[in-house]
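Below you'll find the structure, written out as structure tokens, and then a few comments.
In this chain, residues are counted from 1 in sequence order.
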Amino acid sequence: MTVLALVRRVAAVGGVETLGVIAGGLAGLLIVNVLPKDQYAQYTFLLACMTLLLGVTDLGIAHCTLPVVGQRAREVPWVVGACQRVFHWRWALLGAGVLVVAPYLHYTTREHGWGGAAYWIAAALFVVIVLTTLREHYANAVLLILGHVPTLNKIGLKTTAVRLGLVGLVLLLPITAYSVTGIVAATAAAGIVSVLLYRQALTTHGIAETRLDAGDAKRVDAQVLRIARPLVLPAVFYQVQGVVTVLLVSLFGTANMLAEVGAFGRLAMVLMVLDRMTNVLLFPAIARAPTGPRLATTMVRVHLLYLLCMALVLATAVWLPQYWILLLGKQYSTMAAYVWIVFLASMLNNAAGMAFRTLTVRGTTANQSFSIPLVLAVQALYLWLFGAADLRAVLLFNLATAFANFGYQYLLLVVALPQFRAAAAVPPPPPAVGAPAD
């Protein structure tokens, strides 16, 4: 790929991803501004339950597609078959997710006195969103590995437009007890549209459903087990950590605090633009690239650029927080002093995730479990010293957690860089016939 072609591709993906984040953020901010705090608290809680349910279906499996496919990314039957086999395990874990989330949902709902037909219909619709999301993730993985980035851009734009339009339509109606239900229904409808668009795209590109034979399936399962096994405990832990602030407030705080934590999460969405661009452009390239000095140097440069971009966004949160808080509306006007905490925590967590993904797309998943005692120690020490009695304490708890995640993941990346650089001198042996290449 020429430099000009790369610039055009980055501009195209960046424009689409920016528009997608803006539209998604706009929908979220409309919800924050229009819904009363008590209803937004319910929405935040149900969204956290959905995130946790999706997380349990992962357990590190989502990171297996790129390394399992390896350098055979141009073989369509292999890509489809390998991705199907990987996602087979995600669907199998869905039942386990229900067993984990259902007791938490029941307990917290009872503690806050929530309920009624509107609430439980919204909860059921979130299950529909989980089902469509898993299907979207599978089709997205196939198209991304095969390099159909323009198609992904078009699907993203259309789905975003549908969701924004439907959410806007719901919010134009008078606010009632069913407003949250309507918003969740709009999101579920957009998910169904997305699945239909992905199905059409697969047909258009001639990508047929392909299943691996028993031998290949067994080899893929073995490779998934090898890659995912070191990630199981960290995956369970970090799926909980991803919503730990909401979990903490939902169990020990008030509905008002829960709404405020959820509202702050909307502000942090601006940091998703770079993450989505790296998912589309960077990680597939890293997974395919031969090991050697060039790979290591590229990793270092990309991460430095990423951190610089994040720091520029953080500067606006430090010096101009009042403009950010305007996006949330008058209900949250007293929280401007906390904007920098939210942005810094999000920046550190996103950077840690990028370091983690950089390692996993190369199949380097060792030593992830050791992060668990480190993060737990930091969290226990913080709660012992400062507690979590108010919003500021909860947000600083999240920041302390983010620092621990950031430090550990970048330590692993720095330790692994010499391996990526030195391995070029010894080319890997060719894969056996029918076996996936690492």
Side-chain angles (χ1 to χ4, degrees), residues 58-71 223-242 274-275 278-279 281-311 344-381 399-429 437-438:
D58 185 353
L59 300 186
I61 294 172
H63 302 288
C64 294
T65 52
L66 287 173
V68 164
V69 171
Q71 296 180 0
Q223 194 167 4
V224 168
L225 180 63
R226 178 185 65 81
I227 296 171
R229 184 165 49 188
L231 297 177
V232 171
L233 285 178
V236 172
F237 181 70
Y238 284 111
Q239 294 300 341
V240 175
Q241 291 297 310
L274 285 177
D275 288 322
T278 54
N279 282 338
L281 296 176
L282 177 65
F283 293 126
I286 289 178
R288 293 191 299 264
T291 52
R294 184 177 180 182
L295 174 62
T297 301
T298 299
M299 286 181 177
V300 171
R301 290 176 177 173
V302 166
H303 279 269
L304 289 176
L305 180 61
Y306 181 87
L307 293 175
L308 175 61
C309 292
M310 291 292 187
L344 181 56
S346 296
M347 182 185 77
L348 293 173
N349 278 325
N350 290 348
M354 184 174 178
F356 172 79
R357 190 75 189 276
T358 302
L359 292 166
T360 56
V361 296
R362 300 296 299 187
T364 306
T365 57
N367 299 319
Q368 287 292 339
S369 297
F370 294 110
S371 64
I372 297 177
L374 171 65
V375 173
L376 286 177
V378 170
Q379 291 178 332
L381 179 62
L399 180 58
T401 303
F403 266 114
N405 291 332
F406 174 85
Y408 188 78
Q409 292 301 329
Y410 271 90
L411 175 63
L412 290 182
L413 182 60
V414 169
V415 170
L417 280 175
Q419 302 173 16
F420 298 144
R421 180 180 296 111
V426 183
D438 289 328

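For Leu381, the side chain to side chain contact (heavy atoms under 4.5 Å, CB included) partners at least two apart in sequence or on another chain are Trp384, Leu385. Residues satisfying the side chain to side chain contact (heavy atoms under 4.5 Å, CB included) test with Leu307, not counting sequence neighbours, are Ala351, Phe406, Tyr410. Residues satisfying the side chain to side chain contact (heavy atoms under 4.5 Å, CB included) criterion with Val415, sequence neighbours excluded, are Leu411.
For the residue pair Val378 and Ala404, the shortest heavy atom distance occurs at CG2-CB, 4.0 Å. Listed here is the closest heavy atom pair of Ala402 and Ala345: CB-O, 3.5 Å. Across all their heavy atoms, Ala311 and Met347 have their closest contact at N-SD, 3.8 Å.
Contact check for Thr358 versus Gln409: no side-chain heavy atoms found under the 4.5 Å cut-off. Leu344 places a side-chain heavy atom less than 4.5 Å from the side chain of Phe403. Inter-residue side-chain proximity for Leu348 and Asn405 is flagged as unmet; no heavy-atom pair is nearer than 4.5 Å.
Atom CE of Met299 and atom CG of Leu413 lie 7.0 Å apart (nearest 0.5 Å). One distance of note links CG of Leu412 with CG of Leu417; it measures 11.0 Å at 0.5 Å rounding. The CE atom of Met354 sits 15.0 Å away from atom CG of Asn349, with the distance rounded to the nearest 0.5 Å.
No side-chain donor-acceptor contact under 3.5 Å links Thr297 to the backbone of Arg294.
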Practice prompt. May I have the step-by-step check of side chain to side chain contact (heavy atoms under 4.5 Å, CB included) for Ile372 and Tyr408, ending in yes or no?
Written response: CA-CA 10 Å; Ile372 297 177; Tyr408 188 78; over 6 Å; no
Worksheet entry | Stepwise side chain to side chain contact (heavy atoms under 4.5 Å, CB included) check, Tyr306 with Asn350 | CA-CA 10 Å; Tyr306 181 87; Asn350 290 348; 3.2 Å; yes
